[in-house]
Amino acid sequence: MARKGESIRTINVAVVGLSGVEKDKGHAGIGKSCLCNRFIRPHAEDYNIDHISVLSQTDFSGRVVNNDHFLYWGEVLKSIDDGIDYQFSLIEQTEFIDDASFQPFKGGKMEPYVKRCTATKISSAEKLMYICKNQLGIEKEYEQKVLPDGRLSIDGFVCVFDVSVVPSRSIEKQVDFCAAILNNILKTKKPVVMVTTKNDESNDSFVREAHKLVQRSEYKGNIPLVESSSHENVNIDLGFLLLAQIIDKTKLRLKIPSYSEAALARKEIMDAASDAFMRLIRIHVTDCHALWSQTQKKLNSHKEWIHFVQLFGLDGTQRLFKRHIKKLKDEQMAKQVARYMEMLPDVLHDLIPVLL
Ligand SMILES: Nc1nc2c(ncn2[C@@H]2O[C@H](COP(=O)(O)OP(=O)(O)OP(=O)(O)O)[C@@H](O)[C@H]2O)c(=O)[nH]1
Ligand SMILES: [Mg+2]
């Protein structure tokens with residue numbers, strides 16, 4: 001681990017966990033890419049749920065994949081309340097599958113994934129940072145960041161374990177695969193944190209299996225477990241920050257809330273952001289004919305607006321705006337009806353003598 005200045009430490013992390021052909025990983029991956037995406041680019045607008053796995057030969061040899069079985073996700077700065085900043089560099093160790101043969105691409109000396117993914121010296125000349133699936137083939141249209149010096153020295157690992165039910169993947173298989181990875185990580189003497197993914201769709205017995213795995217005697221209680229959901233953005237930073245603290249040998253360690261505690265805290269943040277956003281909208285948008293584009297231009301520098309878009313994305317923001325406009329229209333209509341009702345006795349009074 002390199003020390004940058006007084007209070008910024010740089011930490012290089014490899015995210016690892018079950019990967020491979022469908023026979024090994026089942027119908028879907030375990031959530032490594034989504035976890036990396038949420039950690040590096042947490043805002044709703046930058047989060048994608050679909051990442052690269054099965055590729056064409058052209059994409060495999062493009063500069064993002066660069067004929068490797070790992071992705072370079074770039075850097076992110078995160079702070080802990082006690083004033084320490086960590087700059088993380090992140091790679092994801094995966095296994096890319098050829099869309100022609102449905103077998104892993106062959107490149108150089110191919111060790112089995114469980115061994116290869118625990119490498120602590122990573123190198124790939126001119127490799128570009130991965131951002132999203134659409135980037136492949138049109139790299140110039142995205143930020144182009146190169147893996148510095150073409151290499152990275154890994155300080156610690158985040159080992160991912162999926163606690164949701166995925167068709168064609170048995171829990172025993174995942175436990176065995178994960179244990180093999182953890183055993184190989186132990187040999188590197190680098191610290192590891194286990195992060196369970198997809199807790200928004202968790203299966204209780206799978207959650208228990210994950211806890212049982214890290215409690216095996218050979219791990220001597222040295223592997224903390226964090227329960228996360230990338231889709232719900234719950235407990236994402238925690239696993240990485242804990243790893244940084246272990247690497248940094250800090251005395252104080254972050255507390256690990258359970259998934260339900262962390263999800264509740266997250267909901268409170270989202271509710272508060274929604275309330276603040278609605279207050280802003282109520283003050284500034286009083287005309288039911290207000291347009292989304294104009295409102296966006298007018299309000300997008302307000303902190304309440306920015307925070308809400310970060311959490312809910314532009315689609316979510318527009319949905320709430322539309323709901324507000326509908327409410328304004330309903331209110332206007334109700335006022336009009338009330339006015340007509342007020343006038344009704346007079347109108348009737350005028351009409352009845354005529355009718356009589
Ligand atoms: N419900 C739920 N689904 C998730 C979550 N994270 C990932 N997924 C889904 O799981 C599938 C696989 O996710 P990836 O992140 O691509 O998995 P991976 O481990 O990177 O897969 P490979 O790199 O191909 O081994 C996708 O369909 C994701 O949308 C989550 O937090 N909750
Ligand atoms: Mg992946």
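As the structure lists them, so they are numbered: ligands from 1, and atoms in each ligand from 1. Both backbone and side-chain heavy atoms feed into the values below; hydrogens, waters and symmetry mates do not.
The closest approach between any non-hydrogen atom of Glu92 and ligand 1 is below 4.0 Å.
Of the protein's heavy atoms, Ser19 OG, 2.7 Å lies nearest to atom 25 (O) of ligand 1. Here the protein heavy atom with the shortest distance to atom 1 (N) of ligand 1 is Asp200 OD2, 2.8 Å. At the top of the distance list for atom 7 (C) of ligand 1, counting protein heavy atoms only, stands Cys34 SG, 3.4 Å. Distance from atom 16 (O) of ligand 1 to its nearest protein heavy atom, with residue and atom name: Ser33 CB, 3.9 Å. For atom 17 (O) of ligand 1, the nearest non-hydrogen atom of the protein is Gly31 N, 3.0 Å. Nearest non-hydrogen protein atom to atom 12 (C) of ligand 1 is Gly29 O, 3.4 Å. If you check which protein heavy atom lies closest to atom 23 (O) of ligand 1, you get Thr94 OG1, 2.7 Å.
When you scan the N, O or S atoms of Glu92 for the one nearest the Mg ion (ligand 2), you land on OE2.
Residue contact annotation: Ser19 places no N/O/S atom under 2.8 Å from the Mg ion (ligand 2).
Aromatic pair Phe39/Phe88: centroids less than 6.0 angstrom apart. Taking the centre of each ring, Trp305 and His284 stay at or above the 6.0 Å mark.
Side-chain contact, Glu227 with His211: a donor N or O sits under 3.5 Å from an acceptor N or O. Side-chain atoms of Ser61 and Asn67 form no donor-acceptor pair, as typed in the model, at a separation below 3.5 Å. Thr118 and Asn184 share no side-chain donor-acceptor pair at under 3.5 Å. For Asp248 and Tyr86, the side-chain atoms include at least one donor-acceptor pair closer than 3.5 Å. Between the side chains of His69 and Gln93, no donor N or O sits under 3.5 Å from an acceptor N or O.
Residue contacts with ligand 1, taken as heavy atom pairs separated by less than 4.0 Å, involve Ile30 via backbone and side-chain atoms alike. The backbone and the side chain of His231 each have at least one atom closer than 4.0 Å to an atom of ligand 1 (non-hydrogen atoms only). The backbone and the side chain of Ile49 each have at least one atom closer than 4.0 Å to an atom of ligand 1 (non-hydrogen atoms only). At a heavy-atom cutoff of 4.0 Å, ligand 1 is contacted by the side chain of Lys25 but not by its backbone.
Below 3.5 Å of separation, one finds no N or O of Ile52 facing any N or O of ligand 1.
Short contacts between ligand 1 and Ser230, defined as distances under 4.0 Å to a heavy atom of the residue, involve ligand atoms 31 (O). For ligand 1, the atoms sitting less than 4.0 Å from at least one non-hydrogen atom of Ser53 are 24 (O), numbered in the order shown with element in parentheses. Listed by number with element, the atoms of ligand 1 under 4.0 Å from a non-hydrogen atom of Ser229 are 31 (O). Ligand 1 places these atoms under 4.0 Å from at least one heavy atom of Glu201: 1 (N).
Taking 4.0 Å as the cut-off between side-chain N and carboxylate O, Lys267 and Asp271 count as a salt-bridged pair. For Asp330 and Lys326, the salt-bridge test passes: some basic side-chain N is under 4.0 Å from an acidic carboxylate O.
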| task | Determine, stepwise, if the pair Lys145 / Glu75 fulfils salt bridge (charged side-chain N to carboxylate O under 4.0 Å, His left out). | result | CA-CA 10 Å; Lys145 188 170 180 174; Glu75 273 80 44; 2.8 Å; yes
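For Cys34 against Asn48, the heavy-atom pair with the smallest separation is SG-O, 4.0 Å.
Considering each of Glu95, Lys198, Glu232, Lys32, the one bringing a non-hydrogen atom nearest atom 10 (O) of ligand 1 is Lys198.
With a 6.0 Å cutoff to the six-membered ring centre and a 45° limit on the axis angle, Lys127 counts as a cation-pi contact of Phe70.
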